[in-house]
Visitor: 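Structure in structure tokens, see below.
Protein chains get the first letters and strands the later ones, always in sequence-line order, with residue 1 at the start of each.
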There are 2 protein chains.
Amino acid sequence: MPPRKRADAVRNEQTLLTAAAEVFVRSGVDAPIREIAAEAGVGMGTIYRHFPTRADLVVAVYRHQVEACAEAGPTLLSTSDSAFAALRAWIDLFVDFLVTKHGLANALQSDSSGFESLHAYFLDRLGPVCESLLSAAAEAGEIRDDVRPFELMRGIGNLCIGRDDDPRYDPRRLISLLLNGLTVRRS
Amino acid sequence: MPPRKRADAVRNEQTLLTAAAEVFVRSGVDAPIREIAAEAGVGMGTIYRHFPTRADLVVAVYRHQVEACAEAGPTLLSTSDSAFAALRAWIDLFVDFLVTKHGLANALQSDSSGFESLHAYFLDRLGPVCESLLSAAAEAGEIRDDVRPFELMRGIGNLCIGRDDDPRYDPRRLISLLLNGLTVRRS
DNA sequence: GAACGATACGGAGCACTGTTCCGCTTTGTC
DNA sequence: GACAAAGCGGAACAGTGCTCCGTATCGTTC
């Protein structure tokens, strides 16, 4: 009994996740469905069919982003000029992801058990990736070696809270400064 | 130089605060402006003139309710059959007020300094009122005498979090049970 | 490769909301 | 009573969520 999904449906679902992620970063998790549909180049009906509620979509994007972020770690490490450059690039992806993560709380609007499990999934999956980037940069002598993944991810997460309250507040700038602070300098 | 407010404007503002409070309890702080206008029997323009943004309205209702709640304490105490009955009635008002209070965080959406000061105002004003009701009931031998206003208000506040997540969750019921738990019984 | 359900798609259309704007009404003053 | 000024109401517009169904595409069977 294999009523398998049609190929175009599978394709659309992937397209949607990617498009939604991009729109979330640009316009927040409350972005109009129309905008996401336009970005993905599909009709609104398609979105509602795949993700009946906004929470469904946000959760799916969240998982998708965690996975993409996790896979990007090793890739960046092997293609970047330096481990520190890889770390910077990875953090940039991570910040994009945080928009979705912070939107999750509102989207789930109380389902705290669901939220907890998604949060645990996030830590399990990304903690080690962050760790490997930190270790590589530390071993290359580019940054200090006493920074733990948890504190870094948590700190960056907190820097991103309230990002759209005030146009003068730019989390990415502060994060960049923070990363500068990790580097080892010859004096 | 007395460009005093016109009498009808003053009247409308009061009407609006009362109506908005009621609608907030019924439909939450995100209730449509139209609904509030209808409840108050005024046009939508009137609301926007008095309270340009939703945050303005929520803050005004908040202050109004804190005041009403504070004034209701002594009144209830002198008109109720017992101090405990007065306490119950007061808590009921207090729960209505909490809807507004919890909506405040969203409405202020980050202005944490403004939020802090409103929170302090609330504690200063209502703490003593709650205290007097507790003392009266304790002195009448109706409830135990080791309950502090802060813990009670805080506990009730927490019971009201997530009130509209699940229709099976009824904070007022639990609060009623909690109050029962305060009573002194002959065994 | 032709034919034909089954599956999925797109987007017009409806319902509902926030916000503005201006003709009309009420108020206060002389 | 007359007349600005202040205030009011709600029609009108714009943006959004969500549904529904005619149409297009896919996968399967011969």
Visitor: For Arg6(B) and dG28(C), what is the distance between atoms CZ and P respectively, to the nearest whole Å?
Guide: 7 Å
Visitor: Mind checking the CZ-CD spacing from Phe24(B) to Gln65(B)? Nearest 0.5 Å is all I need.
Guide: 8.5 Å
Visitor: Using OP1 and OP2 only, check whether a side-chain N or O of His50(A) sits under 4.0 Å from dA8(C).
Guide: no
Visitor: In whole angstroms, how far is the C1' atom of dG17(D) from the CG atom of Leu57(A)?
Guide: 14 Å
Visitor: Nearest whole angstrom, please: distance from the C1' of dC18(D) to the CZ of Phe51(A).
Guide: 17 Å
Visitor: Does some side-chain heavy atom of Lys101(B) sit less than 4.5 Å from a side-chain heavy atom of Leu118(B)?
Guide: no
Visitor: Kindly give the heavy-atom pair with the smallest separation between Pro149(A) and Gly127(A), and that separation in Å.
Guide: CB-O, 3.7 Å
Visitor: With a cut-off of less than 4.0 Å, is there a side-chain N or O of Asn12(B) near OP1 or OP2 of dC8(D)?
Guide: yes
Visitor: In this structure, how many angstroms lie between the C1' atom of dG7(D) and the CD atom of Glu13(B), rounded?
Guide: 13 Å
Visitor: Heavy-atom nearest nucleotide on DNA chain C for Arg11(B) versus Arg54(B): which residue maps closer to 5'?
Guide: Arg54(B)
Visitor: CD1 of Ile33(B) versus P of dA11(D): gap in Å, rounded?
Guide: 17 Å
Visitor: Check every strand shown and say whether Ala37(B) touches a base, only sugar-phosphate, or nothing at a heavy-atom separation below 4.0 Å.
Guide: nothing
Visitor: Both Asp8(B) and Arg34(B) contact DNA chain C. Which one's nearest nucleotide lies toward the 5' end?
Guide: Arg34(B)
Visitor: Round to a whole Å and report the spacing from CG of Leu16(B) to P of dG9(D).
Guide: 9 Å
Visitor: Can you tell me if the side-chain N/O atoms of Thr46(A) get under 4.0 Å from OP1 or OP2 in dA8(C)?
Guide: no
Visitor: Base, sugar-phosphate, or nothing: which does Arg49(B) touch, judged by heavy atoms less than 4.0 Å apart?
Guide: base
Visitor: Can you tell me if Arg49(A) uses its side chain to pair, donor with acceptor, with the backbone of Ala9(A) under 3.5 Å?
Guide: no
Visitor: How long is the line joining CD of Glu35(A) and P of dG15(D), in whole Å?
Guide: 13 Å
Visitor: Roughly how many Å is it from CE in Met44(A) to P in dC18(D), rounded to a whole number?
Guide: 11 Å
Visitor: Might you point out which heavy atoms bring Asp146(B) and Glu151(B) nearest each other, and give the distance in Å?
Guide: O-OE2, 3.6 Å
Visitor: The side chain of Tyr48(A) lies closest to which of these nucleotides: dG27(D), dC18(D), dT26(C)?
Guide: dC18(D)
